[in-house]
Amino acid sequence: QVQLVESGGGFAQPGGSLRLSCAASGRGFISYAMGWFRPAPGKEREFVAGIGQSGDNTYYADSVKGRFTISRDNTKNTVYLQMNSLKPEDTAVYYCGATALSWAVTSGSSYSVWGQGTQVTVSS
């Protein structure tokens, strides 16, 4: 099982950019699909973006499509979330997760491993 540590959060102005990283330690990173989530009203965590084991398949919430890009480097056991054109409503703690169920990458309940989260604040 992997352990996950997020980094890269911080403060940005509307229209700005941030890049989040999620570093995995332990065995088997390449066997996991990975995702980024954030809290939302009425939900424990809302799906933001996901990526399959090879990196060929990516998935996005409608609210971030065209602005956020998820990628992974399996040689570095790291997944990234490039966040552009940030909006105040993107303010949240962002959590990285790992799931062995690549067909359920958009569903938070399928994830077995979570990081501790990294705060993103977008404000003028």
Side-chain angles (χ1 to χ4, degrees):
Q1 180 146 318
V2 296
Q3 295 81 45
L4 304 175
V5 178
E6 301 98 330
S7 62
F11 178 86
Q13 293 188 335
S17 298
L18 285 172
R19 188 194 197 202
L20 306 184
S21 298
C22 174
S25 59
R27 292 188 170 186
F29 176 74
I30 198 170
S31 67
Y32 290 96
M34 302 295 293
W36 288 95
F37 288 73
R38 63 191 183 190
K43 301 179 182 179
E44 182 177 356
R45 285 173 184 156
E46 170 188 61
F47 172 75
V48 175
I51 189 166
Q53 288 90 334
S54 69
D56 289 344
N57 297 313
T58 57
Y59 311 85
Y60 298 95
D62 287 344
S63 59
V64 307
K65 201 171 294 183
R67 300 188 298 121
F68 291 9
T69 302
I70 189 170
S71 62
R72 66 189 293 164
D73 185 339
N74 288 338
T75 67
K76 297 181 178 179
N77 285 5
T78 302
V79 63
Y80 305 97
L81 186 67
Q82 179 66 44
M83 310 166 68
N84 297 331
S85 302
L86 283 163
K87 303 176 180 180
E89 51 263 43
D90 294 319
T91 295
V93 177
Y94 284 73
Y95 296 91
C96 173
T99 176
L101 307 177
S102 59
W103 51 268
V105 69
T106 64
S107 173
S109 61
S110 76
Y111 284 70
S112 57
V113 184
W114 293 98
Q116 81 290 348
T118 185
Q119 176 71 46
V120 170
T121 302
V122 184
S123 175
S124 56

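These numbers were taken from a predicted model, which means no experiment stands behind them.
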Considering all heavy atoms of both residues, which atom of Asp73 and which atom of Tyr80 are nearest to each other, and what is their separation? CB-CE1, 4.1 Å
Taking all atoms of both residues into account, what is the closest heavy-atom pair of Leu101 and Ser110, and its distance? CD1-CB, 4.1 Å
Measure across Leu18 and Phe11 and return the closest heavy-atom pair with its distance rounded to 0.1 Å. CD2-O, 4.3 Å
For the backbone of Thr69 and the side chain of Gln82, can you confirm whether one donor and one acceptor N or O come within less than 3.5 Å of each other? no
Donor-acceptor pair, distance only, cut-off 3.5 Å: does the side chain of Asn74 make one with the backbone of Gln53? yes
Does Tyr95 reach the main-chain N or O of Pro39 with its side chain, forming a donor-acceptor pair under 3.5 Å? no
Mind listing the closest non-hydrogen atom pair of Val105 and Phe47 along with its distance? O-CE1, 3.6 Å
Taking every non-hydrogen atom, the tightest pair across Arg38 and Ala92: CB-CB, 3.8 Å
Is there a side-chain contact between Glu6 and Trp36, using heavy atoms and a 4.5 Å cut-off? yes
List the steps and the verdict of side-chain contact (heavy atoms from CB on, under 4.5 Å) for Gln13 and Leu86. CA-CA 7 Å; Gln13 293 188 335; Leu86 283 163; over 6 Å; no
Listed once per pair and sorted, the ring-ring contact (aromatic ring centres under 6.0 Å, His included) pairs that draw on residues 101-122, sequence neighbours left out: Phe37-Tyr111, Phe37-Trp114, Tyr111-Trp114
Output for pair (Asn57 CG, Ile70 CD1), nearest 0.5 Å, gives 11.5 Å
Gln1: side-chain contact (heavy atoms from CB on, under 4.5 Å) partners, not counting sequence neighbours: Tyr32, Val113
Any sub-3.5 Å donor-acceptor pair from Arg72's side-chain atoms to Gly52's backbone N or O? yes
For the residue pair Thr78 / Ser21, report whether a side-chain donor-acceptor contact shorter than 3.5 Å exists. no
CZ on Phe68 to CG on Leu20, rounded to 0.5 Å: 8.0 Å
Is any NZ, NE, NH1 or NH2 atom of the basic residue among Lys87 and Asp90 found under 4.0 Å from an Asp or Glu carboxylate oxygen of the other? no
For Leu4 and Val2 the tightest heavy-atom approach is CD2-CG2, 4.1 Å
Could you tell me whether the side chain of Ser31 and the main chain of Gly28 form a donor-acceptor pair under 3.5 Å? yes
I'd like to know if the side chain of Thr121 pairs up with that of Ser123 as donor and acceptor (distance under 3.5 Å, no hydrogens or angles considered). no
Output the distance between atom SG (Cys22) and atom CZ (Phe29), rounded to the nearest 0.5 Å. 7.0 Å
